[in-house]
Amino acid sequence: DTEVTQTPKHLVMGMTNKKSLKCEQHMGHRAMYWYKQKAKKPPELMFVYSYEKLSINESVPSRFSPECPNSSLLNLHLHALQPEDSALYLCASSHPPYPGGYGYTFGSGTRLTVV
Amino acid sequence: GQQLNQSPQSMFIQEGEDVSMNCTSSSIFNTWLWYKQDPGEGPVLLIALYKAGELTSNGRLTAQFGITRKDSFLNISASIPSDVGIYFCAGGGSQGNLIFGKGTKLSVKP
């Protein structure tokens, strides 16, 4: 299995809703990542988990809350989002992050629309 | 912070032509990765480079990791219509994070 699976593929939520994005991989990767991508822009790093511990938080607002319950799963909990948070949210995984993340694989993303 | 300069920003070519794009940085990277992204999908890894000077091919694609570790290029030979998309270079940081270039949008005219 060489895939990163993200669910749901599309999500529409109101500004008062609470929702979660899910990401799963079975490649034995011990580093997992969340990226945010706006239209016509490159992906921007949000969070890095290394061996199930948060190692990088790129000053992301607290309305985004990541969780790594085990080495195969990564969640992103969403609460009180703003319309400008609408974007494609990408999950990725790789072998231990040094040096440079061998086997870096992205999921297909969740297209999030905040209304 | 680290930044990558990717060029060209866009290319319009005829089917069968060769394509070349590159990325440069003022910072050193441990890895260089090249991805292709179709609309609404995640980036798909084309070529990964892990050693300075490394030259790697994947079918019609060839990429090199610059000897200074500050640059990389991607060549596509004999382009076909399905090569259309956005190509991103990405440099691997010391904590596994990727720094992306701004992308090269490739259009292929049959």
Side-chain angles (χ1 to χ4, degrees), chain A residues 2-7 9-10 21 23 25 27 29-51 53-60 87-113, chain B residues 1-7 9-10 21 23 25 27-52 54 56 58 63 65-66 69-70 72 85-107:
Chain A
T2 58
E3 288 187 343
V4 174
T5 302
Q6 288 188 244
T7 55
K9 194 163 177 64
H10 301 277
L21 309 184
C23 175
Q25 57 87 16
M27 294 179 280
H29 290 170
R30 299 303 297 275
M32 297 187 76
Y33 314 83
W34 281 114
Y35 285 80
K36 174 183 177 180
Q37 187 176 26
K38 301 285 275 185
K40 300 183 180 180
K41 298 289 187 182
E44 294 181 346
L45 183 69
M46 300 174 72
F47 302 104
V48 178
Y49 272 83
S50 178
Y51 295 96
K53 293 194 183 330
L54 184 65
S55 62
I56 295 180
N57 176 344
E58 290 288 339
S59 302
V60 179
L88 182 67
Y89 287 84
L90 295 163
C91 174
S93 70
S94 74
H95 283 293
Y98 184 84
Y102 183 76
Y104 220 109
T105 304
F106 282 86
S108 296
T110 293
R111 171 71 60 189
L112 174 68
T113 303
Chain B
Q2 295 174 309
Q3 290 186 338
L4 295 185
N5 298 310
Q6 184 172 351
S7 65
Q9 192 173 4
S10 62
M21 58 191 79
C23 277
S25 172
S27 304
I28 289 173
F29 286 100
N30 297 318
T31 59
W32 282 93
L33 306 175
W34 285 92
Y35 289 90
K36 178 175 184 266
Q37 187 173 25
D38 293 326
E41 297 293 327
V44 174
L45 183 65
L46 300 174
I47 292 181
L49 303 159
Y50 298 103
K51 293 181 182 179
E54 179 181 359
T56 298
N58 178 8
F65 190 152
R69 295 168 61 193
K70 294 182 178 181
S72 177
I86 300 179
Y87 292 79
F88 288 104
C89 64
S94 59
Q95 298 187 65
N97 53 308
L98 291 184
I99 310 298
F100 281 83
K102 293 188 175 181
T104 295
K105 184 177 181 180
L106 180 63
S107 301

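Here is the naming used below: chain letters follow the sequence lines, and residue numbers restart at 1 for every chain. In what follows, every heavy atom counts, from backbone to side chain, and hydrogens, waters and symmetry copies are set aside.
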Inset, instruction - May I ask you to check whether over 12 heavy atoms, not counting those of A/Glu58, lie within 6.0 Å of atom CD? - result: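 Yes, CD of A/Glu58 has more than 12 neighbouring heavy atoms, counting only those of other groups under 6.0 Å.
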Inset, instruction - Inspect the surroundings of NZ in B/Lys51 and state if more than 12 heavy atoms from other residues, nucleotides or ligands are less than 6.0 Å away. - result: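 No - once you tally the heavy atoms of other residues, nucleotides and ligands closer than 6.0 Å, there are 12 at most.
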Legend entry - Toward chain A, the part of B/Gln6 with a non-hydrogen atom under 4.5 Å: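 Contact with chain A: none, neither part.
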Inset, instruction - With a 4.5 Å cut-off on heavy-atom pairs, point out which of A/Gly107, A/Gly109, A/Ala92, A/Pro43 contacts chain B the most. - result: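 The candidate making the most pairs under 4.5 Å is A/Pro43.
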Legend entry - B/Tyr35 ring center near A/Phe106 ring center (under 6.0 Å):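 Ring centres of A/Phe106 and B/Tyr35 closer than 6.0 Å.
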Legend entry - ring pair (Phe, Tyr, Trp, His ring centres under 6.0 Å) partners of B/Phe29, counting only residues at least two apart: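 B/Phe29 satisfies ring pair (Phe, Tyr, Trp, His ring centres under 6.0 Å) with B/Trp32 once adjacent residues are dropped.
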Inset, instruction - Output yes when B/Glu41 and A/Lys9 qualify as a salt bridge under the 4.0 Å nitrogen-oxygen rule, no when they do not. - result: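 A salt bridge is present here (some side-chain N lies under 4.0 Å from a carboxylate O).
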Inset, instruction - Return yes if some donor-acceptor pair links the side-chain N/O of A/Tyr35 with the main-chain N/O of B/Leu98 below 3.5 Å, else return no. - result: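 Yes: the side chain of A/Tyr35 pairs with the backbone of B/Leu98.
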Legend entry - Partner chain A: residue of B/Pro43, B/Gly91, B/Gly103 with the largest heavy-atom pair count (under 4.5 Å):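 Of B/Pro43, B/Gly91, B/Gly103, B/Pro43 has the most heavy-atom pairs under 4.5 Å with chain A.
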Legend entry - side chain to side chain contact (heavy atoms under 4.5 Å, CB included) between B/Gln37 and A/Gln37, worked out: CA-CA 12 Å; B/Gln37 187 173 25; A/Gln37 187 176 26; 2.7 Å; yes
Inset, instruction - Answer with side chain, backbone, both or neither: which region of A/Glu44 has an atom nearer than 4.5 Å to a non-hydrogen atom of chain B? - result: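 Interface part for A/Glu44: neither.
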Inset, instruction - With rounding to the nearest 0.5 Å, note down the distance linking CG in B/Asn97 to OG in A/Ser55. - result: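 Here the rounded value is 8.5 Å.
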